S.K.: 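Have a look at this one before I ask anything.
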Amino acid sequence: QAQVAESGGGSVQAGGSLKLSCTVTSGVSHLYYCVAWFRQVEGKEREGVAAMSGSDNRTYYTDSVKDRFTVSVDNAKEAYLLQMNSLKPEDTAIYYCAAAFGVCGPWFAKANFYPAWGQGTQVTVSS
């Protein structure tokens, strides 16, 4: 089972930017994984917002974050990054990184596809 850990997050004003980082640790290269970012607000279901296949660099985004969020991989750090720009108060949530061995696909936002999850990191956007 891969071990997943997020870092980053914090508080920012609307229009600002934040970057989250996610490491996937296992017996194989981090590039063999589909890594996704989810977010959750208390009382609501966990929402998949972005994902990336390390093997083919394909990326996927939910409509509400397209053109604002960018997911990438930093091979030097063996980490997946989520760059969040033009943040809005409605982006406030706990953000989770999740990993599944293999490639991502149109199912990227389905939480049960991912067996490994990080502990979550808080992102707060004030108006």
Side-chain angles (χ1 to χ4, degrees):
Q1 179 93 346
Q3 300 297 314
V4 178
E6 312 97 340
S7 62
S11 298
V12 67
Q13 289 191 326
S17 298
L18 285 172
K19 181 185 289 186
L20 305 181
S21 178
C22 173
T23 56
V24 180
T25 305
S26 71
V28 299
S29 169
H30 62 290
L31 295 177
Y32 283 110
Y33 287 87
C34 166
V35 173
W37 293 93
F38 285 75
R39 64 187 180 188
Q40 189 169 25
V41 176
E42 189 174 353
K44 294 189 176 181
E45 289 190 3
R46 197 166 290 191
E47 175 192 26
V49 297
M52 181 175 185
S53 295
S55 60
D56 61 12
N57 291 331
R58 290 191 177 185
T59 57
Y60 302 82
Y61 300 94
T62 192
D63 287 347
S64 63
V65 306
K66 281 180 181 176
D67 300 324
R68 298 190 300 122
F69 290 12
T70 302
V71 61
S72 62
V73 61
D74 183 336
N75 287 316
K77 298 180 179 179
E78 298 186 351
Y80 289 79
L81 308 176
L82 181 68
Q83 177 67 46
M84 304 183 292
N85 298 328
S86 302
L87 282 162
K88 304 175 181 180
E90 52 263 43
D91 293 318
T92 296
I94 298 175
Y95 282 71
Y96 298 88
C97 181
F101 189 83
V103 297
C104 304
W107 56 85
F108 78 94
K110 295 186 183 299
N112 59 9
F113 176 70
Y114 303 90
W117 290 79
Q119 77 285 358
T121 185
Q122 178 70 46
V123 170
T124 302
V125 184
S126 58
S127 58

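Nothing fancy with the numbering, it's 1 onward along the sequence. Just so we're clear, the structure is a prediction, and the values are computed from it rather than from any experiment.
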S.K.: Could you go through the ring-ring contact (aromatic ring centres under 6.0 Å, His included) check for Tyr80 and Tyr33 one step at a time?
M.R.: CA-CA 10 Å; Tyr80 289 79; Tyr33 287 87; 8.4 Å; no
S.K.: Apply the test side-chain contact (heavy atoms from CB on, under 4.5 Å) to residues Ser26 and Phe101: give CA-CA distance (whole Å), side-chain angles for both, the deciding distance (0.1 Å), then the verdict.
M.R.: CA-CA 10 Å; Ser26 71; Phe101 189 83; over 6 Å; no
S.K.: Ignoring hydrogens, what is the shortest heavy-atom contact between Ala14 and Ser127? Give both atom names and the distance.
M.R.: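 Shortest heavy-atom separation between Ala14 and Ser127 comes out as CB-CA, 4.3 Å.
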S.K.: Would a hydrophobic clustering, with Ile, Leu, Val, Met, Phe, Trp and Tyr connected at side-chain separations under 4.5 Å, put Tyr32 with Val71?
M.R.: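 Yes, Tyr32 and Val71 fall within the same hydrophobic cluster.
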S.K.: Can you find a pair of side-chain heavy atoms, one from Phe108 and one from Trp37, that are under 4.5 Å apart?
M.R.: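 A side-chain contact is absent here, since even the closest heavy-atom pair is not under 4.5 Å.
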S.K.: Nearest 0.5 angstrom please: Tyr96 OH to Leu20 CG, how far?
M.R.: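 Atom-to-atom, Tyr96:OH and Leu20:CG are 13.0 Å apart.
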S.K.: Side chain to side chain donor-acceptor pair (under 3.5 Å) with Tyr95: which of Arg39, Glu6, Gln40?
M.R.: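 Looking at Arg39, Glu6, Gln40, the match for Tyr95 under the side chain to side chain donor-acceptor pair (under 3.5 Å) is Arg39.
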S.K.: Can you tell me how far OG of Ser11 sits from CG of Leu87, rounded to the nearest 0.5 angstrom?
M.R.: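 The CG atom of Leu87 sits 11.0 Å away from the OG atom of Ser11.
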S.K.: Can Leu31 be reached from Val103 by stepping across I, L, V, M, F, W or Y side chains whose heavy atoms are under 4.5 Å apart?
M.R.: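 No: no chain of side-chain contacts under 4.5 Å links Val103 to Leu31.
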S.K.: Tell me, do Ser64 and Glu47 make a side-chain contact under 4.5 Å, heavy atoms counted?
M.R.: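 Sidechains of Glu47 and Ser64: in contact.
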S.K.: For Ile94 and Gly120, work out which heavy atoms get closest and say how close.
M.R.: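 For Ile94 and Gly120, the tightest heavy-atom pair comes out as CG2-CA, 3.9 Å.
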S.K.: Would you kindly confirm whether Val12 and Phe69 end up in one hydrophobic cluster when ILVMFWY residues are joined by side chain heavy atoms under 4.5 Å apart?
M.R.: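 Same cluster.
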S.K.: Tell me whether Asp63 is salt-bridged to Lys66, with the criterion being a basic N under 4.0 Å from an acidic carboxylate O.
M.R.: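 Looking at Lys66 together with Asp63, the answer is yes, because their closest N to O distance falls below 4.0 Å.
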S.K.: Any idea which heavy atoms bring Val35 and Cys22 closest together, and the distance?
M.R.: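 Heavy atoms only, the tightest pair is CG1-SG, 4.1 Å.
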S.K.: Can any side-chain N or O of Ser53 pair as donor or acceptor with the backbone N or O of Cys104 at less than 3.5 Å?
M.R.: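 It does hold such a pair.
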S.K.: Quick check for you: to the nearest 0.5 Å, what is the distance between Thr25 atom OG1 and Gln1 atom CD?
M.R.: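 It comes to 12.5 Å.
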S.K.: Just checking Phe113: does its CZ atom have more than 12 heavy atoms from other residues, nucleotides or ligands closer to it than 6.0 angstrom?
M.R.: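 Atom CZ in Phe113 is crowded, with more than 12 foreign heavy atoms closer than 6.0 Å.
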S.K.: Rounded to the nearest 0.5 Å, how far does CD of Gln119 lie from OG of Ser7?
M.R.: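 It is 8.5 Å, given to the nearest 0.5 Å.
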S.K.: How long is the span from the CG atom in Asn112 to the CZ atom in Arg46, to the nearest 0.5 Å?
M.R.: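 Interatomic distance, Asn112 CG to Arg46 CZ, rounded to 0.5 Å: 12.0 Å.
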S.K.: Which heavy-atom pair separates Ala99 from Val4 by the least distance, and what is that distance?
M.R.: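 Minimum heavy-atom contact is CB-CG2, 3.8 Å.
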S.K.: Do you know which two heavy atoms are closest between Val65 and Val49, and how far apart they sit?
M.R.: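 Between these two residues, the closest heavy atoms are CG2-O, 3.4 Å.
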S.K.: With hydrophobic residues grouped by side-chain heavy-atom distances under 4.5 Å, do Met84 and Met52 end up in a single group?
M.R.: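 In one cluster: yes.
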S.K.: Hey, are the side chains of Val41 and Thr92 touching, using non-hydrogen atoms and a 4.5 Å cut-off?
M.R.: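 In short, these two side chains do not touch, never coming nearer than 4.5 Å.
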S.K.: Counting neighbours of CG on Asp56 that are heavy atoms of other residues, nucleotides or ligands and sit closer than 6.0 Å, is the number greater than 12?
M.R.: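 Atom CG in Asp56 is crowded, with more than 12 foreign heavy atoms closer than 6.0 Å.
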S.K.: What's the separation between atom CG in Leu18 and atom OG1 in Thr124, rounded to the nearest 0.5 Å?
M.R.: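 Here the rounded value is 9.0 Å.
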S.K.: Where is the tightest heavy-atom contact between Val24 and Ala2, given as atom of each residue plus distance?
M.R.: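 Looking at all heavy atoms of both residues, the shortest contact is CG1-CB, 3.8 Å.
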S.K.: Looking only at atom types and distance, does a side-chain atom of Thr121 sit under 3.5 Å from a main-chain N or O of Gly8, one as donor and one as acceptor?
M.R.: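 Here the side-chain-to-backbone pair exists.
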S.K.: Atom CD of residue position Gln13 - does it have more than 12 heavy atoms of other residues, nucleotides or ligands inside 6.0 Å?
M.R.: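 Count not over threshold, so no.
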S.K.: Please check: side-chain N/O of Tyr60 versus main-chain N/O of Trp107, any donor-acceptor pairing under 3.5 Å?
M.R.: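 Judged by distance alone, no pair lies under 3.5 Å.
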